[in-house]
Amino acid sequence: MSRKIILLFVLAVVACVSGFFVWRALYGENDQQVIERKMGEIFQMMGKTGSEGFVVQLEHARTIAKYFDEISEIRLPKFHLESKMSRDDIEKNLIKARNWTTSLELKMYEPEYHFQEGEPLRCRVNFTGMVDARTKSGGSFQEGYELEMDWVKKDGEWLVSGVGFTQILNK
Amino acid sequence: MWNARLKKIYFWLFKPEMGSRSYIVRVAVLAVLALVFFGFLCKPMILNGGSMEPNYHSGTLNFCWTPTYWFREPQRGDIAVLRYAGSRILLLKRILALPGDTVEFRDGYFYLNGEKQEEPYVKLKRAKWNLKPRRVSEGHYYVVGDNRSMPIYQHKFGEIRQERLEGALLL
């Protein structure tokens with residue numbers, strides 16, 4: 001009797017585990033959805049609506065920096081950011097940017113995903129970003145940019161490996 | 001014959017007493033037509049930013065007429081609507097030069113193929129823009145905003161690929 005129960009229990013566990021994997025394969029997030037979700041999270045976290053204390057600032061910056069690879073290539077010359085940066089550098093620059101503004105809203109429109117086969121798996125996302133910021137000096141800043149965000153899959157996790165402007169107008 | 005057919009369609013759509021079709025069908029047809037017209041042919045847009053001041057004001061409504069460049073090539077003087085990634089965020093600029101033209105800025109004045117241009121549409125005081133002569137690449141157009149009062153580095157202009165021209169401004 002007890003053997004039967006154990007067998008049934010084992011079968012139930014096996015069915016649950018395999019069911020989970022089948023469900024995940026059929027309905028779980030694919031790579032594009034993972035990147036899309038992470039981009040949404042980054043953009044949401046980068047925004048701010050009012051003044052915030054240093055601890056909150058640090059926490060936000062640290063969380064966002066975790067989405068980046070150990071070394072990422074930042075190509076944003078308009079904001080005087082054009083170099084390879086570690087997560088610490090990204091954290092420092094995010095704090096600086098948050099300090100400069102009283103409110104900051106970032107929106108992403110119409111992302112296009114371009115996956116590159118190979119090891120590791122990479123993806124470049126082209127999208128239009130709108131920045132709406134109010135600076136501490138009282139100025140406001142609203143502008144659209146075409147951006148590209150590079151992603152790399154390391155140990156099963158998608159990380160940002162680069163961010164830059166796409167130059168569509170060449171002086 | 002075509003006139004009579006168009007009249008018939010018009011009456012069917014707009015004069016309920018003429019047709020035997022139900023009101024819902026007419027509304028549905030009108031909705032689809034409006035979607036196609038305003039979604040693909042005549043895109044409404046709210047201007048944002050001052051790069052075309054004082055000729056086109058920020059905050060005003062206008063339309064992008066996409067069929068403009070289906071039947072003719074872009075011309076100098078056209079107010080072109082340019083797109084970033086996707087087609088939700090658009091830029092408004094004036095086409096100043098065609099592929100193969102030589103462009104230059106000297107003390108705020110635009111030179112086309114070595115000749116100084118009068119540009120009556122530039123109504124605000126010109127900042128002293130200077131840009132060395134350059135040739136517009138094949139398949140590209142040179143676009144600049146009408147507002148040249150800001151420093152050159154603050155104004156988005158330059159040559160752009162023809163595929164980026166979404167259409168022309170309607171009003």
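Letters go in sequence order (proteins before strands), and every chain restarts at 1.
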Checking heavy atoms, do the side chain of A:Gln167, its backbone, both or neither come under 4.5 Å from chain B? neither
Check whether the ring centres of B:Phe157 and B:Trp129 lie less than 6.0 Å apart, and answer yes or no. yes
Where on B:Phe105 is there a heavy atom nearer than 4.5 Å to chain A: the side chain, the backbone, both, or neither? neither
Select one option (side chain, backbone, both, neither) describing which atoms of B:His155 are under 4.5 Å from chain A's heavy atoms. backbone
In terms of heavy-atom proximity below 4.5 Å to chain A, should B:Leu131 be classed as side chain, backbone, both, or neither? side chain
I want to check a possible cation-pi pair here: B:Arg106 against B:Tyr111, using under 6.0 Å from ring centre and within 45° of the ring axis as the test. yes
Report yes or no: is the cationic atom of A:Arg122 (NZ for Lys, CZ for Arg) under 6.0 Å from the centre of the six-membered ring of A:Phe115, at an angle within 45° of the ring normal? no
Looking only at heavy atoms and a cut-off of under 4.5 Å, which of A:Glu146, A:Lys171, A:Glu110 has the most pairs with chain B? A:Lys171
Tell me whether the NZ or CZ atom of B:Lys156 lies within the 45° cone about the ring axis of A:Tyr145 and under 6.0 Å from its centre. yes
What part of B:Arg83 gets within 4.5 angstrom of chain A, counting heavy atoms only: side chain, backbone, both, or neither? backbone
Which region of B:Arg164, side chain (C-beta onward) or backbone (N, CA, C, O), has a non-hydrogen atom less than 4.5 Å from a non-hydrogen atom of chain A, or is it both or neither? side chain
Are the aromatic rings of A:Phe43 and A:Phe127 close, with centres under 6.0 Å apart? yes
When you check the gap from the basic side-chain N to the acidic O, do B:Asp78 and B:Arg72 get nearer than 4.0 Å? yes
